[in-house]
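Just below is one structure, and these are the notes that go with it.
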Amino acid sequence: MGVLQMDRTAAQSVQPRRGAGRPKLRRTAIGFAFMAPLLVVNLIVIAVPGALSVWYSFTDWTGLGPAHFVGLGNYRHLLGDPEFHTALLHNLAWTAYFLAVPMAMGLFGAFLLSRIKRFQMLFRVAYFIPYVVATVVSGSIWESLLSPDQGIGDGLANLGLPWLKNINFLGDPHLALGTVAFVNTWQWWGFLVVIFLASMQAVNPSLYEAARLDGANTWQEFWHITLPGIRPTVMFLGLMTVIWSFLVFDYIYILTQGGPAGSTDVLGTLLYRNAFANQQAGYAASIGVVMALISVISVSGFLYLRRRGWDI
Amino acid sequence: MYGVLLLLALYAIGPMVLFAFNALKTQPGLAASPLGLPTHPQWHNFVDAWQQANMGAGLRNSAVLVIATALGVCVISGCAAYAMSRLRVPGSNFFIFYLLVTTALPIQLFLVPLFYLWTKLGLYDNLFGLIVIYWAIFSPFATLLIRSFMVGVPKAYEEAARIDGAGEWRVLTRVVLPMVWPGFLTAALVAGLSAYNEFMLAVTFIQSSDKMPVSTAFFSFKSGYTQDYTLVSAGGLIMVIPVLIAFLLLQRRFVEGYTSSGMTG
């Protein structure tokens with residue numbers, strides 16, 4: 001049961017209760033009392049600072065002292081800022097890559113797993129393990145494995161792949177972004193396998209039997225039965241991939257901090273640098289607002305299409 | 001088919017095995033054979049990493065973070081889920097929508113004002129301050145998860161308890177909780193693991209090294225000693241071993257928790 005599904009079932013659960021013998025008002029008050037802790041932490045941590053961020057995005061706030069209203073100044077600056085363009089481009093490339101490669105790997109792994117009887121559980125655990133490893137640790141696993149002089153490239157070069165010798169995967173501006181995406185993929189794809197597998201197990205088995213009777217091969221079974229059967233899950237994870245790709249921060253900050261020479265800079269690292277190193281909190285806030293807008297537009301677009309009856 | 005599956009398993013697990021081998025090598029040994037087995041296991045690497053990376057304090061701080069986050073999230077989300085599924089709350093659908101929006105909003109949107117707000121309130125560089133942030137960001141998902149468990153419990157049990165004169169608090173603690181505890185356990189595991197692994201907020205809001213959780217303690221160690229991969233590997237293993245043990249013991253429940261976060265339908 002996913003969050004978007006919960007949204008749909010919400011209406012069923014709030015039927016008014018009849019004849020409990022207490023004043024309605026009192027039950028309402030108790031209801032709000034139970035909601036209070038969630039609302040209070042949410043207001044203090046998310047809602048109020050979020051609203052302040054929108055206000056600061058229209059000011060020249062440095063983080064200290066007073067903020068002066070500058071209208072759309074920050075947003076105009078964003079439009080002309082080459083760093084912002086580069087970062088946005090990297091986010092777009094990141095989104096395209098994560099919609100293609102990890103999704104395909106996840107579907108492939110889950111489909112293979114769904115067709116075996118023995119050891120399914122064992123493989124599922126093995127694939128999921130990287131997902132529970134902390135980002136700092138998986139970052140340092142690959143930092144050491146990809147190091148030019150002590151990594152696996154050097155080891156493999158000695159085993160007969162000489163072109164892998166002395167490649168500085170994270171230090172070369174042409175390779176760095178792809179390398180960070182590769183490391184993130186290693187941690188991420190097992191999560192997709194587990195979720196796609198759970199979804200595939202809910203597909204009606206008699207459909208496969210019918211397809212087999214009609215002489216379908218494995219690829220046809222996947223394309224005509226499995227994929228349509230799990231389409232809502234694929235679409236939902238696609239939406240999540242888009243949202244997360246525009247918010248990516250941890251791996252880039254841990255592995256390259258946006259470098260070398262801005263070649264891995266994304267909106268998340270650009271915002272962080274402006275807020276905490278350059279003392280441009282107002283400008284950073286405007287980047288945050290742009291990131292939030294991208295999320296909100298993605299989710300609303302998805303929900304709108306679904307409400308319009310699109311089968312996604 | 002099993003051959004392909006084994007290759008994929010090697011891709012998932014192999015790097016971690018090499019990482020564990022690296023933790024047991026000497027530095028010249030690692031440079032000489034990055035893919036080889038550790039011929040003379042250097043167990044003292046773990047002792048050195050433990051001391052130099054301040055892992056003891058880090059693990060202690062992380063334990064506080066994880067336990068306080070998991071407990072707080074369960075209390076906050078349990079109450080809210082109960083109110084939304086059982087009590088009369090006007091606009092309950094709106095709250096669910098609001099929680100969905102909150103989970104999709106980037107932390108970066110509120111990070112900057114929150115940082116300065118926390119500085120003013122004395123919650124910057126303070127474990128409790130970080131715990132409150134974790135409560136806020138992990139509770140919406142936990143609320144929706146626990147709520148989905150509560151919706152499945154028949155209301156007849158509660159009605160019976162109310163007729164016997166039980167108040168709302170008693171109904172919640174004596175009737176509903178015992179039936180939905182798997183939901184709480186799942187929510188606690190997901191929130192606890194997220195708190196243990198979380199990086200961006202921890203690195204932003206905790207500055208003193210004696211207050212750092214293990215994730216940022218390890219990060220600052222790694223940033224200072226990038227050339228000695230043997231000690232960095234040993235430190236990384238120290239951080240990851242508690243999670244691996246917990247995951248292998250409770251993997252069904254972990255997978256269930258994450259599956260519910262990623263599936264529609």
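The shown structure was predicted, so the numbers you read here are calculated from the model rather than taken from an experiment. Order of the sequence lines fixes the chain letters, A, B, ..., with proteins taken first and strands second; residue numbering starts at 1 for each chain.
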- Message: So for A:L247, is it side chain, backbone, both, or neither that comes closer than 4.5 Å to the heavy atoms of chain B?
- Response: both
- Item | Any donor-acceptor pair under 3.5 Å from A:Y127 side chain to B:L5 backbone | yes
- Note on the structure: One should read off an interatomic distance between A:F34 CZ and B:W169 CH2, to the nearest 0.5 angstrom, of 6.0 Å
- Query: Checking A:F246 against chain B: side chain, backbone, both or neither under 4.5 Å from a heavy atom?
  - Reply: neither
- Message: Is A:F276 in contact with chain B via its backbone, its side chain, both, or neither, using a 4.5 Å heavy-atom distance?
- Response: side chain
- Is it the side chain or the backbone of A:R115 that comes within 4.5 Å of chain B heavy atoms, both, or neither? both
- On the 0 to 90° scale, with breaks at 30° and 60°, tag the A:W189-B:Y11 ring pair as parallel, tilted or perpendicular. tilted
- Message: Please identify, among A:S57, A:S300, A:S298, A:S147, the residue contributing the most non-hydrogen atom pairs under 4.5 Å to chain B.
- Response: A:S147
- Task: Could you pull out the closest heavy-atom pair between A:A126 and B:A12, with the gap in Å?
- Result: O-CB, 3.6 Å
- Task: Give, as side chain, backbone, both or neither, the part of A:I46 having an atom under 4.5 angstrom from any heavy atom of chain B.
- Result: both
- Task: Search all heavy atoms of A:S295 against all heavy atoms of B:P106 and return the closest pair with its distance.
- Result: OG-CD, 4.0 Å
- Query: Who wins among A:A36, A:S144, A:P37 for the most heavy-atom pairs under 4.5 Å with chain B?
  - Reply: A:S144
- Message: For A:T218, which atoms come within 4.5 Å of any heavy atom of chain B: side chain, backbone, both, or neither?
- Response: neither
- Between atom OH of A:Y272 and atom CG of B:L111, what is the distance when rounded to the nearest 0.5 Å? 6.5 Å
- Query: Does A:M105 reach the side chain of B:L8, with side-chain heavy atoms less than 4.5 Å apart?
  - Reply: no
- The interface call for A:Q257 against chain B, heavy-atom contacts under 4.5 Å, is side chain
- Query: Which atom names give the shortest non-hydrogen contact between A:V137 and B:M239, and what distance separates them?
  - Reply: CG2-SD, 3.7 Å
- Should A:F249 and B:I107 count as side-chain neighbours, where that means a heavy-atom distance under 4.5 Å? no
- Query: If you take all heavy atoms of A:M35 and B:A80, which pair is closest and at what distance?
  - Reply: SD-O, 3.8 Å
- Interchain contact, B:L237 with chain A, by part (heavy-atom threshold 4.5 Å): neither
- Can you say whether A:V125 sits under 4.5 Å from chain B via the side chain, the backbone, both, or neither, judging by heavy atoms? both
- If you round to the nearest 0.5 Å, how far is CZ of B:F97 from CG of A:L303? 7.0 Å
- Query: Picking from A:I141, A:L52, A:V41, A:L192, which has the most non-hydrogen pairs under 4.5 angstrom with chain B?
  - Reply: A:I141
- What part of A:Y56 is in contact with chain B, defined as an atom under 4.5 angstrom from a non-hydrogen atom: side chain, backbone, both or neither? side chain
- Query: How are the rings of B:Y2 and A:F119 set to each other: parallel, tilted or perpendicular (split at 30° and 60°)?
  - Reply: perpendicular
- Task: Give the minimum heavy-atom separation between B:V243 and A:V132, together with the two atoms involved.
- Result: CG1-O, 3.4 Å
- Task: Check whether any side-chain heavy atom of A:L38 sits under 4.5 Å from a side-chain heavy atom of B:F95, and report yes or no.
- Result: no
- Task: Report the relative orientation of the aromatic rings in B:Y116 and A:W61; use parallel for angles under 30°, tilted for 30 to 60°, perpendicular for over 60°.
- Result: perpendicular
- Between atom CZ of B:R252 and atom CE of A:M121, what is the distance when rounded to the nearest 0.5 Å? 3.0 Å
- Query: Is there a donor-acceptor pair closer than 3.5 Å between any side-chain N or O of A:S53 and the backbone N or O of B:L109?
  - Reply: yes
- Message: Please classify the contact between A:A51 and chain B as side chain, backbone, both or neither, with a heavy-atom cut-off of under 4.5 Å.
- Response: neither
- Query: If you take all heavy atoms of B:V112 and A:A284, which pair is closest and at what distance?
  - Reply: CG2-CB, 4.4 Å
- Under a 4.5 Å heavy-atom cutoff, which of A:S140, A:G109, A:G139, A:A275 has the most pairs with chain B? A:S140
- Against chain A, label B:V203 side chain, backbone, both or neither, depending on which of its atoms sit under 4.5 Å from a heavy atom there. both
- Message: So, taking the atom named CD1 in A:I44 and the one named CH2 in B:W118, what distance separates them when rounded to the nearest 0.5 Å?
- Response: 6.0 Å
- Measure B:S77 against the heavy atoms of chain A and call it side chain, backbone, both or neither at under 4.5 Å. neither
- Pick from A:I243, A:I230, A:T135, A:V133 with the largest number of heavy-atom pairs that fall under 4.5 Å of chain B: A:V133
- Item | Name of the residue among A:V289, A:I287, A:L271 meeting side-chain contact (heavy atoms from CB on, under 4.5 Å) with B:Q108 | A:L271
- For the candidates B:V75, B:T102, B:L99, which exhibits the highest count of non-hydrogen atom pairs separated by less than 4.5 Å from chain A? B:T102
- Closest-packed option against chain A by number of heavy-atom pairs under 4.5 Å, given B:T216, B:L105, B:N197: B:N197
- Message: Out of A:F108, A:F32, A:W55, return the one with the most heavy atom pairs under 4.5 angstrom to chain B.
- Response: A:F32
- Where does A:L39 contact chain B at under 4.5 Å (heavy atoms): side chain, backbone, both or neither? side chain
- Does the side chain of B:F110 come within less than 4.5 Å of A:V48's, by heavy atoms? no
- Item | Pick from B:L114, B:L6, B:L30 with the largest number of heavy-atom pairs that fall under 4.5 Å of chain A | B:L114
